[in-house]
Amino acid sequence: MKTLRQVKVGETVKVIKLHGEGAVKRRIMDMGITRGVEVYVRKLAPLGDPVEVTVRGYELSIRKADADMIEIE
């Protein structure tokens, strides 16, 4: 299983599944990250947290813990 946390800067990936429970999963979905959407990894913070991505035409910063819950292909 490959997660969003493992993607290199400059890559575009497709979301397969969201892991997690309840409010955490709902928050990720509310940010626009749902199954089938394409995510472009724009940059990483100097210490690797957070990850800046482009989803549905807007920029979004995601913590590493949340990025680990997003399974991609």
Problem - Residues Ile70, Ile28; criterion side-chain contact (heavy atoms from CB on, under 4.5 Å); working and verdict - result: CA-CA 9 Å; Ile70 303 168; Ile28 292 170; 4.1 Å; yes

Exercise for the section: Kindly indicate whether the side chain of Met69, heavy atoms from C-beta on, has any atom under 4.5 Å from the side chain of Ile62. Expected result: no

Exercise for the section: Kindly indicate, with the supporting measurements, whether the criterion side-chain contact (heavy atoms from CB on, under 4.5 Å) is fulfilled by His19 and Glu71. Expected result: CA-CA 7 Å; His19 299 278; Glu71 184 177 341; 2.8 Å; yes

Handout entry: Separation between CZ of Arg63 and CZ of Arg5, rounded to the nearest 0.5 Å
Key = 12.0 Å

Fill in the blank from the handout: For residues 43-52, the side-chain hydrogen bond (donor to acceptor under 3.5 Å, both in side chains) pairs (sequence neighbours left out) are Arg42-Glu52

Exercise for the section: Evaluate the criterion side-chain contact (heavy atoms from CB on, under 4.5 Å) for residue pair Ile33 and Asp66; output intermediate values, then yes/no. Expected result: CA-CA 11 Å; Ile33 300 173; Asp66 292 343; over 6 Å; no

Would you list the atom pairs, donor with acceptor, under 3.5 Å between side chains in residues 11-18 and any protein atom, with sequence neighbours excluded?
{"residue": "Glu11", "atom": "OE1", "partner": "Lys8", "partner atom": "N", "Å": "2.8"}

Problem - Tyr40 with Leu60, same ILVMFWY side-chain cluster at under 4.5 Å - result: no

Problem - Worked check of side-chain contact (heavy atoms from CB on, under 4.5 Å) between Val39 and Ile72 - result: CA-CA 9 Å; Val39 178; Ile72 52 99; 6.0 Å; no

Handout entry: Salt-bridge contact Asp68-Lys64 (side-chain N to carboxylate O under 4.0 Å)
Key = no

Fill in the blank from the handout: Heavy atoms of Val53 and Val55 approach each other most closely as CG2-CG2, 3.8 Å

Problem - Over 12 foreign heavy atoms within 6.0 Å of CZ, Arg27 - result: yes

